[in-house]
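Inspection log for the structure reproduced underneath, given as structure tokens.
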Amino acid sequence: MDRIIIEGRVPLKGRVKISGSKNSALPILAATLLAEGTSTIENLPLLKDTETMLRILDSLGAKIKWGRGSVKIATESIRNFTAPYDLVRTMRGSICILGPLLARFKRAVVSLPGGCVIGPRPIDLHLKGLEKLGAKIEIRKGYIQAKAKKLKGRRIFLGGAFGSSVLATANLMMAATLAEGETLIEFAACEPEVVDLANFLNRLGAKIDGAGSHLLRIKGVKRLKGRTYRIIPDRIEAGTYLVAGLITRGEVSIDSASPSHLGAVIDKIEESGGEIKIRRNTLVVKNSGGSLKSVNVITLPYPGFPTDMQAQFMALMCLAQGTSVITERIFPKRFMHIGELNRMGADITIEGDSAIVKGDRTFVGTKVMASDLRASAALVLAALAAKGETEISRVYHLDRGYERLVEKLTELGADIKRIN
Ligand code: EPU
């Protein structure tokens, strides 16, 4: 199994180009199932997760062809409607093929995604919404078996115990595009990835209003046609490089990003002593001089501070002066990184859904193990700031969500290598 070795304390300098958004790409790839003809997706990040989604589409019978920086997906030859456990279990995002399969082919069999290291990941909202549209759903032998004679537009309240749900909104929005009549989704997620999906669907011929707000109005249409679409930049990758620049006391230009999607992250980085300059699609980050300050963070649905940046920001707070309280409101058990950060020299304790981070610590390189995608990113950031060498194992988690991570960090001057 591959490992990443990092010799820390090199200030990162230079430019890094942000890839397409993973969490936009997954539902958008699934949404190609809705369209007759061929869809061309540009700016697709080359990641393990997008590869898995393409393998699912391939297993359903879609024809996939790679071009330069884009992928073409033709769905005329879909003959199979089952997404197998072996593919689904590696990626929770696979659940978003349920809505499009059901809407276009009136049936879908998708393996239940199973457990996840970031805590329970129920799918009750997905199922409740699809049932409201008229689907009959049974859970049999670990699979969701869904069918429908036809889907009919309805009013659906999609709020759960932790607020809105990104992928449940995506699933319902996709299913509603081909339903008869009008669907209203109340308490819809407002994440930029949901807006990106709505823009793609509208490009295919759907009639969706209100994307980016909590109320979506979808007028069903008879058919959608394949078109070309470009995925938005990955805001979490950009946020991770913002922290990388600051934690190494370097100066990094983050290009091809979407600064308007990073408001909460920029705000917290500036509050903690980072200086960020924004020029169109570029963010330049450096330390504003002096030491970093501890700030408190609460993760919230967009436009709040993203849960997907919680672990990376925690690594930064370990080096700041004072004590920071980081509260996780989306996935209250998403603290797997704490044990490994403490092994590197941090002083973090958990109280309920909060982490108490005592600052002014020094990271010291050692052997650590990645546990999930964003936890792994936090370990890479800690290693970049650490005294000595850090060896990170189980790096396949990073391959799921960071395109060319080692190459991009090398271009910024990091002393990093991947070994087999
Ligand atoms: N929830 C329910 N019932 C449901 C669905 C969700 O109670 O049916 C709860 C969840 O347990 C959680 C909250 O609602 O407490 C929000 O979860 P959400 O459904 O929004 O998460 P998701 O759609 O499954 C996406 C991203 C995650 C990201 C979350 C939150 C993709 C493929 N995944 O997951 O990304 O953390 O939204 O923003 O889009 C990552 O990239 O590392 C990652 C985990």
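Every number for a ligand or one of its atoms is a count from 1 in the order of the listing. All values below were derived from every heavy atom in this structure, side-chain atoms included, with hydrogens, water molecules and symmetry-related copies excluded.
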> Is there a donor in the side chain of T75 and an acceptor in the side chain of R104, or the other way round, less than 3.5 Å apart?
Replying inline: yes

> Short list, please: which atoms of ligand 1 are under 4.0 Å from a heavy atom of H126?
Replying inline: 8 (O)

> N171 side chain to I95 main-chain N or O, any donor-acceptor pair under 3.5 Å?
Replying inline: yes

> Less than 3.5 Å between some nitrogen or oxygen of R374 and one of ligand 1, yes or no?
Replying inline: yes

> Can you list the atoms of ligand 1 that are under 4.0 Å from a heavy atom of K22?
Replying inline: 40 (C), 41 (O)

> Can you tell me if D353 and T327 form a side-chain donor-acceptor pair at under 3.5 Å?
Replying inline: no

> Looking only at atom types and distance, does a side-chain atom of Q310 sit under 3.5 Å from a main-chain N or O of R334, one as donor and one as acceptor?
Replying inline: yes

> Can you tell me which residue and heavy atom of the protein come closest to atom 21 (O) of ligand 1, and the distance to 0.1 Å?
Replying inline: F331 CZ, 3.8 Å

>> I'd like to know if E391 pairs up with R343 as an ion pair, taking the criterion as any Lys NZ or Arg NE/NH1/NH2 lying under 4.0 Å from an Asp or Glu carboxylate oxygen.
In response: no

> So between M91, R121, R92, whose heavy atom ends up nearest atom 22 (P) of ligand 1?
Replying inline: R121

> Is a side-chain donor-acceptor pair under 3.5 Å present for T40 with K72?
Replying inline: yes

> Got the closest protein heavy atom to atom 44 (C) of ligand 1, with its distance?
Replying inline: R334 NH2, 3.4 Å

> Among protein heavy atoms, which sits nearest to atom 13 (C) of ligand 1, and what does the distance come to when rounded to 0.1 Å?
Replying inline: F162 CB, 3.8 Å

> Does some side-chain heavy atom of V265 sit less than 4.5 Å from a side-chain heavy atom of F305?
Replying inline: yes

>> Return the closest protein heavy atom for atom 19 (O) of ligand 1 as residue, atom name and distance.
In response: S165 OG, 2.6 Å

>> Side chain or backbone, does L125 bring an N or O within less than 3.5 Å of an N or O on ligand 1?
In response: yes

> Is D234 paired with K22 through a side-chain N to carboxylate O contact shorter than 4.0 Å?
Replying inline: no

> atom 18 (P) of ligand 1: which of N171, L373, V166, T169 has the nearest heavy atom?
Replying inline: V166

> Can you tell which of P122, A189, S94 gets a heavy atom nearest to atom 7 (O) of ligand 1?
Replying inline: P122

> Are the charged groups of E186 and R155 less than 4.0 angstrom apart, N to O?
Replying inline: yes

> Of the protein's non-hydrogen atoms, which lies at the shortest distance from atom 43 (C) of ligand 1, and what is that distance?
Replying inline: D308 OD1, 3.4 Å

>> Please tell me whether S19 and K408 have a donor and an acceptor in their side chains that are separated by less than 3.5 angstrom.
In response: yes

> Can you list the atoms of ligand 1 that are under 4.0 Å from a heavy atom of S164?
Replying inline: 16 (C), 20 (O)

> Do you know the tightest heavy-atom contact between I348 and A355?
Replying inline: CG2-CB, 3.9 Å

> Within less than 4.0 angstrom of ligand 1, does P306 place any heavy atom?
Replying inline: no

>> Can you report which non-hydrogen protein atom sits closest to atom 39 (O) of ligand 1, along with the distance?
In response: N23 CG, 3.2 Å

>> Give me the residue, atom name and distance of the protein heavy atom closest to atom 15 (O) of ligand 1.
In response: I330 O, 2.5 Å

>> Students should be able to answer this: which protein heavy-atom is nearest to atom 3 (N) of ligand 1, and at what distance?
In response: D124 OD1, 2.7 Å

> Looking only at heavy atoms of E193, does any of them come nearer than 4.0 Å to an atom of ligand 1?
Replying inline: no

